[in-house]
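We count ligands from 1, going down the list as the structure has it; atoms in each ligand are counted the same way. Quantities reported herein were computed from a predicted structural model and do not represent experimental measurements.
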Amino acid sequence: MKEPVTFILASNNPKKKKEMGDILTALGIRVISMAQAGIDVQPEEAGETFEENARIKAEAVCRAGGAPALADDSGLSVEALGGAPGVYSARYCPGTDWDRLQFLLKNMEDIPEGKRGAKFVSAVACAWPDGRTAVWRGECSGVLLREPRGQGGFGYDPAFYLPEYGQTFAEMSQQLKNRISHRARAMERCAAGLAQMMNEKK
Ligand code: IMP
């Protein structure tokens with residue numbers, strides 16, 4: 001049987017990298033880090049959509065490494081804020097992830113229960129040295145609490161509550177988050193898409 005293709009994983013965020021690595025390994029996709037590939041690129045995320053930014057990152061890493069690359073662009077889209085912070089989730093305000101979480105909760109102060117819906121979105125893009133690219137999207141819906149809850153996860157996780165599980169992303173186990181998250185859903189589609197592409201080549 002042919003060896004599976006190895007992708008360079010285009011992420012510098014250690015927590016996201018770990019989550020992506022765990023999900024991809026479970027799906028049978030082999031990845032190496034940029035450090036393992038001997039490259040260090042940080043392309044500007046100039047796109048207006050998650051898909052555009054994921055593609056920009058995957059293409060830049062693929063060019064630098066001369067090998068297939070895989071990138072995700074993700075963020076939180078809040079209904080009452082017209083989809084903000086969206087693609088600007090990592091840059092919503094200066095400071096740390098915790099500062100951005102507090103800023104979000106402040107902006108949501110006057111929003112009543114029942115109007116606090118939000119979704120995490122992840123776009124996963126693959127780029128190949130021959131110029132081909134492909135992108136898949138995953139979403140996970142929940143509501144925003146008024147106070148952070150839980151110690152796990154990262155970013156906006158402590159405010160993101162999933163009514164069907166009675167927990168925030170920061171309260172649930174990493175295994176559960178990795179099964180149901182926006183990133184997991186996008187990666188499942190990516191794995192299915194890659195499998196189909198491999199079959200078509202045969
Ligand atoms: P990216 O590295 O440009 O994709 O930035 C994604 C940003 O969106 C992160 O810095 C977080 O603020 C937020 N984000 C994305 N996925 C998650 C998640 O699973 N939990 C919490 N925050 C997330």
Side-chain angles (χ1 to χ4, degrees), residues 8-24 31 33-34 40-61 69-78 81 83-108 117-127 135-145 148-162 165 167-188 190:
I8 305 172
L9 187 54
S11 176
N12 281 316
N13 174 333
K15 296 212 171 159
K16 224 171 79 169
K17 209 160 75 184
K18 164 98 176 66
E19 268 190 23
M20 288 174 77
D22 288 351
I23 297 169
L24 290 165
V31 286
S33 66
M34 286 199 275
D40 181 17
V41 279
Q42 267 182 305
E44 200 197 330
E45 296 178 22
E48 284 174 15
T49 63
F50 295 108
E51 282 83 354
E52 278 179 69
N53 280 339
R55 213 184 281 266
I56 289 171
K57 286 189 254 187
E59 284 177 341
V61 170
L70 199 150
D72 127 296
D73 192 62
S74 52
L76 182 69
S77 173
V78 182
L81 303 177
V87 290
Y88 302 104
S89 293
R91 300 165 271 171
Y92 194 31
C93 73
T96 62
D97 269 8
W98 185 253
D99 298 325
R100 283 182 277 278
L101 172 65
Q102 296 301 332
F103 184 61
L104 172 71
L105 293 178
K106 182 108 194 61
N107 291 340
M108 290 293 291
K119 65 182 179 186
F120 272 120
V121 180
S122 163
V124 173
C126 291
V135 60
W136 298 271
R137 184 187 180 100
E139 297 187 354
C140 183
S141 298
V143 294
L144 291 177
L145 298 181
R149 270 173 43 179
Q151 306 296 322
F154 67 98
Y156 302 99
D157 279 349
F160 189 75
Y161 180 76
L162 295 105
Y165 293 94
Q167 289 176 314
T168 67
F169 258 177
E171 288 177 310
M172 66 177 54
S173 70
Q174 191 66 53
Q175 286 87 335
L176 179 56
K177 183 183 173 192
N178 283 354
R179 271 213 321 272
I180 64 167
S181 77
H182 48 309
R183 199 164 292 109
R185 288 177 180 154
M187 300 242 183
E188 271 163 24
C190 164

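Ranking the protein heavy atoms by distance from atom 1 (P) of ligand 1 puts Lys16 NZ, 3.3 Å first. For atom 10 (O) of ligand 1, the closest non-hydrogen atom on the protein side is Ala90 CB, 3.5 Å. For atom 19 (O) of ligand 1, the closest non-hydrogen atom on the protein side is Lys177 NZ, 2.8 Å. Among all protein heavy atoms, the one lying closest to atom 16 (N) of ligand 1 is Arg183 NH2, 2.6 Å. Protein heavy atom nearest atom 12 (O) of ligand 1, with residue, atom name and distance: Tyr156 CE1, 3.2 Å. Closest protein heavy atom to atom 20 (N) of ligand 1: Asp157 OD1, 2.6 Å. In this structure, the protein non-hydrogen atom closest to atom 23 (C) of ligand 1 is Phe120 CE2, 3.5 Å. When only non-hydrogen protein atoms are considered, atom 6 (C) of ligand 1 lies nearest to Ser74 O, 3.0 Å.
Contact annotation: for Lys57 versus ligand 1, heavy atoms closer than 4.0 Å belong to the side chain alone.
Taking the six-membered ring for Trp and thresholds of 30 and 60 degrees, Phe103 and Tyr92 have ring planes more than 60 degrees apart, a perpendicular arrangement.
Under the 4.5 Å side-chain criterion, counting only non-hydrogen atoms from C-beta, Leu162 is not in contact with Gln167. Inter-residue side-chain proximity for Pro148 and Leu105 is flagged as met; some heavy-atom pair is nearer than 4.5 Å. In this structure, Asp73 and Ile56 have side chains that are not in contact, with every pair of non-hydrogen atoms separated by 4.5 Å or more. Side-chain atoms of Met20 and Met187, non-hydrogen and from C-beta on, do get closer than 4.5 Å to each other.
Remark: ligand 1 atoms within the under-4.0 Å shell around heavy atoms of Glu45 are 3 (O).
Note on Arg185 versus Glu139: no salt bridge recorded, every NZ/NE/NH1/NH2 to OD/OE distance being 4.0 Å or above.
Here Glu52 pairs with Glu48, Thr49 under the side chain to side chain contact (heavy atoms under 4.5 Å, CB included) rule; sequence neighbours left out.
Scanning all heavy atoms of the two residues, the minimum distance from Trp136 to Cys126 falls at CZ3-SG, 3.8 Å. Contact between Cys140 and Phe169 at its shortest, heavy atoms only, is SG-CZ, 3.8 Å.
At least one heavy atom of Gly75 sits closer than 4.0 Å to an atom of ligand 1. Using 4.0 Å as the threshold, Leu76 has no heavy atom nearer than that to any atom of ligand 1.
Closest heavy-atom approach to atom 18 (C) of ligand 1 within the set Phe154, Tyr92, Phe160: this belongs to Phe154.
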